[in-house]
Amino acid sequence: MSKLAFRVSYLRRSRELYRRYLESKPWLPQLYTTFLNIRPGQRIVDVGCGPGDFTRHLARLSNQKATVLGIDANEKSIQAATIDTEKARLSQSVSYRLGDVYKIPLQDGYADLTCCRTLLMHLTEPLKAVKEMARITKTGGSVAALEGGKMGAFYDPEDPDYSRLAERAEEAWIDGVRILEGKEFRIGEKLPGIFKKAGLSEIKAEVQADAWLHSDPRRRLTDVKAELRFDYSIFKERRRKDRKYLLAGGMSNAQITSYFNRLEARTEEFLSNDVKLRNDPSFYAATFFLVSGVKKG
Ligand SMILES: C[S@@+](CC[C@H](N)C(=O)[O-])C[C@H]1O[C@@H](n2cnc3c(N)ncnc32)[C@H](O)[C@@H]1O
C-alpha cells in the first residue's frame with residue numbers, strides 16, 4: 001500500500017475509532033449540546049470544517065432541526081465533506097462553502113452560533129479569526145471554539161525517567177512550533193483572553209479531559225494496536241520533521257535522539273507483546289477546551 005493510501009485508510013479508520021469513542025462516553029453529546037446551547041431553528045456556522053465530521057455532529061446534536069453551514073479554505077475538504085454528508089443523509093440540514101476564516105463569505109449577523117474545532121491552533125492570527133467569526137454572528141448570538149489545551153499528562157510508573165523526557169519533548173515541541181511558525185498548538189488556555197480581546201462577553205469554558213490507557217477494556221485491542229502501528233509507520237518522518245521544533249524548543253540533539261530511540265523501542269515492544277501492551281500502566285491524558293462568548297450590541 002502506498003504511503004498516501006495508508007494515510008487515507010488510517011484517517012477513515014480513525015474516524016470510525018472516534019465514533020466508537022463517542023459511544024463509550026455518552027455524556028459528551030450532552031456536554032456539547034448544553035454548552036453550545038444548540039436549539040431548533042438556529043443557523044450554525046462551523047468554520048475550518050475540514051471533511052465535515054464536526055459539522056455533521058452539530059447537525060445530529062440539533063436533531064437536524066438547525067441549519068448548519070461548514071466553511072473551509074480547502075476545496076478538496078469541501079468536496080469530501082459534501083460527499084460524506086450526502087452518504088450520511090444529512091444534506092437537508094447541512095451544506096458547505098469554500099471560504100477563508102479571515103474573510104468569511106457571509107453577511108454581518110448571519111449566524112446564531114459560529115464555531116470552530118481545531119482551527120485556531122493552525123492559525124498565525126487567531127484573534128483576527130475570532131473577530132471575523134464575531135462579525136458574522138448575530139447580536140445576542142455566540143462564538144465558540146473547541147481546541148486542545150496544554151493541560152495533560154504522561155506518566156509511566158515503570159519508567160519515570162522516560163516520563164520526564166516525554167513531557168519535556170511535548171513542551172519543547174509546542175515552544176518550537178510557536179517560535180518557528182508563530183502558531184499556538186495548545187491554544188486552549190489562551191482562548192478566554194482572545195475572546196475578550198475580540199470584544200465578546202459572558203465568556204465561559206469547559207474542559208473535556210480524555211485519558212488513554214492501553215489496558216482499558218473499553219478499547220478493543222485491535223484499535224489500540226492500529227493507533228500504535230500508525231504512530232510507528234510515521235516515525236521516520238517524525239524524526240526528520242520534529243527535530244527542528246524540538247531543537248528550537250530548547251532540547252539538545254542528544255536528548256532528542258534519546259527520546260526518539262526510546263519512544264520507538266517502547267512502541268516496538270508493545271506491538272510485539274499483547275500481554276505487555278494490555279498490562280501497560282502508563283497514563284496518557286489530554287484536554288480539549290470548549291470556550292464560548294456572546295456578541296453584545
Ligand atoms: C485540523 S482541521 C479541523 C477540521 C474540523 N474542524 C474537525 O474538527 O474535524 C483544520 C481545518 O482548518 C482549515 N483551515 C486552515 N486555515 C484556514 C483558513 N484560513 N480559513 C478556513 N479554513 C482554514 C484546514 O483546511 C482544515 O480543514
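Only a predicted model underlies this, so the values are computations on that prediction, with no experimental measurement involved.
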Is it the case that atom [atom1] in [X] sees more than 12 heavy atoms from other parts of the structure closer than 6.0 Å?
X	atom1	answer
Glu268	CD	yes
Gln107	CD	yes
Lys204	NZ	yes

Taking all non-hydrogen atoms of both residues, which atom of Ser292 and which atom of Ala144 are closest, and how far apart? CB-CB, 3.8 Å
Nearest 0.5 Å, what's the [atom1]-[atom2] distance between [X] and [Y]?
X	Y	atom1	atom2	result
Leu58	Ile44	CG	CD1	5.5 Å
Ile83	Tyr96	CD1	OH	11.5 Å
Asp53	Thr118	CG	OG1	9.5 Å
Arg43	Leu113	CZ	CG	13.0 Å
Asn261	Tyr259	CG	OH	11.5 Å
Asp223	Lys225	CG	NZ	12.0 Å

Which residue pairs satisfy the side chain to side chain donor-acceptor pair (under 3.5 Å) criterion with at least one member in residues 183-201, sequence neighbours excluded?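 For residues 183-201, and leaving out neighbouring residues, the side chain to side chain donor-acceptor pair (under 3.5 Å) pairs sorted by first residue read Glu170-Arg186, Arg178-Glu184, Glu184-Lys190.
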Quick one: does NZ or CZ of Arg238 land under 6.0 Å from the six-membered ring centre of Phe260, within 45 degrees of the ring axis? no
Salt bridge (charged side-chain N to carboxylate O under 4.0 Å, His left out) for Asp156 and Arg262? Distances and angles first, verdict last. CA-CA 13 Å; Asp156 179 351; Arg262 291 173 77 173; over 6 Å; no
Tell me whether the rings of His214 and Tyr284 are parallel (<30°), tilted (30 to 60°) or perpendicular (>60°). tilted
Look at the rings of Tyr232 and Phe235 and say which category their plane angle falls in: under 30° parallel, 30 to 60° tilted, over 60° perpendicular. perpendicular
Show the numbers, then the answer: is there a salt bridge (charged side-chain N to carboxylate O under 4.0 Å, His left out) between Arg266 and Glu269? CA-CA 5 Å; Arg266 282 171 67 87; Glu269 201 178 355; over 6 Å; no
